[in-house]
Amino acid sequence: GAWLADAAYPVTVDPPIEIVNSGPGDAPAGAATPFHGNTALAYNPTANTYLAVIEYRNGTDTDIEWAPLGADGSFTGPIRTADGDEAAGVQPDDVWPDVDYSATSNNFLIVWAEERIADDGVLTKIKGIRVDAAGAPIGATLTLRDTEVDTPAIANDDARRLVVHALAT
């Protein structure tokens, strides 16, 4: 916001919100599983709250989880998990989350890449789900892109949301 333009650097944001970030992919050597990987955070200025989104690996499965946080960084609601797209007994990995808040619609949009191993390589889709200001899902999980894509990111100008991604090669 405007306070950042007037801030003296370096800027310290208080309170810090800490989420363990072990990086993408498999757990580092010697790390206990389950572990948290890539993370994203969005701020709701209307309610002075946050939504934390976490890539959570438990054994051979990676899911996207999220939880609402208060201004002090404490949990204000349950941790929820995105519904996967398990077809024919294949468990996809949900990775590379991002999240955005829209003041116009007063909700968050969480996006991530769903990776599935197939005979001809890795198939990747971009998935998303809208959640309300308290973190509860609004509707079902959406498939935003169903081709070889990766690493989504999201932003909005309160009139529309834009999801960008890299082409998987």
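A quick note: this is a predicted structure, and the numbers were derived from the prediction, not measured. In what follows, residues are counted from 1 in the order of the sequence shown.
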[Y] backbone acceptor or donor facing [X] side chain under 3.5 Å:
X      : Y      : value
Glu55  : Trp96  : yes
Arg130 : Gly139 : no
Asp100 : Leu109 : no
Asp98  : Ile154 : yes
Trp66  : Gly135 : yes

Closest non-hydrogen atom pair between [X] and [Y], with its separation:
X     : Y      : result
Pro68 : Ala134 : CG-O, 3.2 Å
Ile64 : Val95  : CD1-N, 4.1 Å
Gly70 : Tyr50  : O-CD1, 3.7 Å
Thr49 : Ala133 : OG1-O, 4.4 Å

Is there a side-chain contact between [X] and [Y] (heavy atoms, below 4.5 Å)?
X      : Y      : value
Asn106 : Asn44  : yes
Leu51  : Ile110 : yes
Lys127 : Asp94  : no
Ile129 : Pro137 : yes
Ile79  : Ile54  : no

Exercise. Do Leu142 and Ile138 belong to the same hydrophobic cluster, where Ile, Leu, Val, Met, Phe, Trp and Tyr are linked whenever their side-chain heavy atoms lie under 4.5 Å apart, directly or via other members?
Worked result: no
Exercise. Going through the distances and angles, do Trp112 and Asn38 end up as a side-chain contact (heavy atoms from CB on, under 4.5 Å)?
Worked result: CA-CA 10 Å; Trp112 66 92; Asn38 295 298; over 6 Å; no
Problem set entry | Any side-chain donor near an acceptor of the partner, Tyr43 and Asn48, under 3.5 Å | yes
For this session: Would you please name every residue forming a side-chain contact (heavy atoms from CB on, under 4.5 Å) with Ala155, sequence neighbours left out?
Result: none
For this session: Mind running side-chain contact (heavy atoms from CB on, under 4.5 Å) on Leu41 and Leu69 for me, showing each step along the way?
Result: CA-CA 10 Å; Leu41 185 70; Leu69 304 174; 4.3 Å; yes
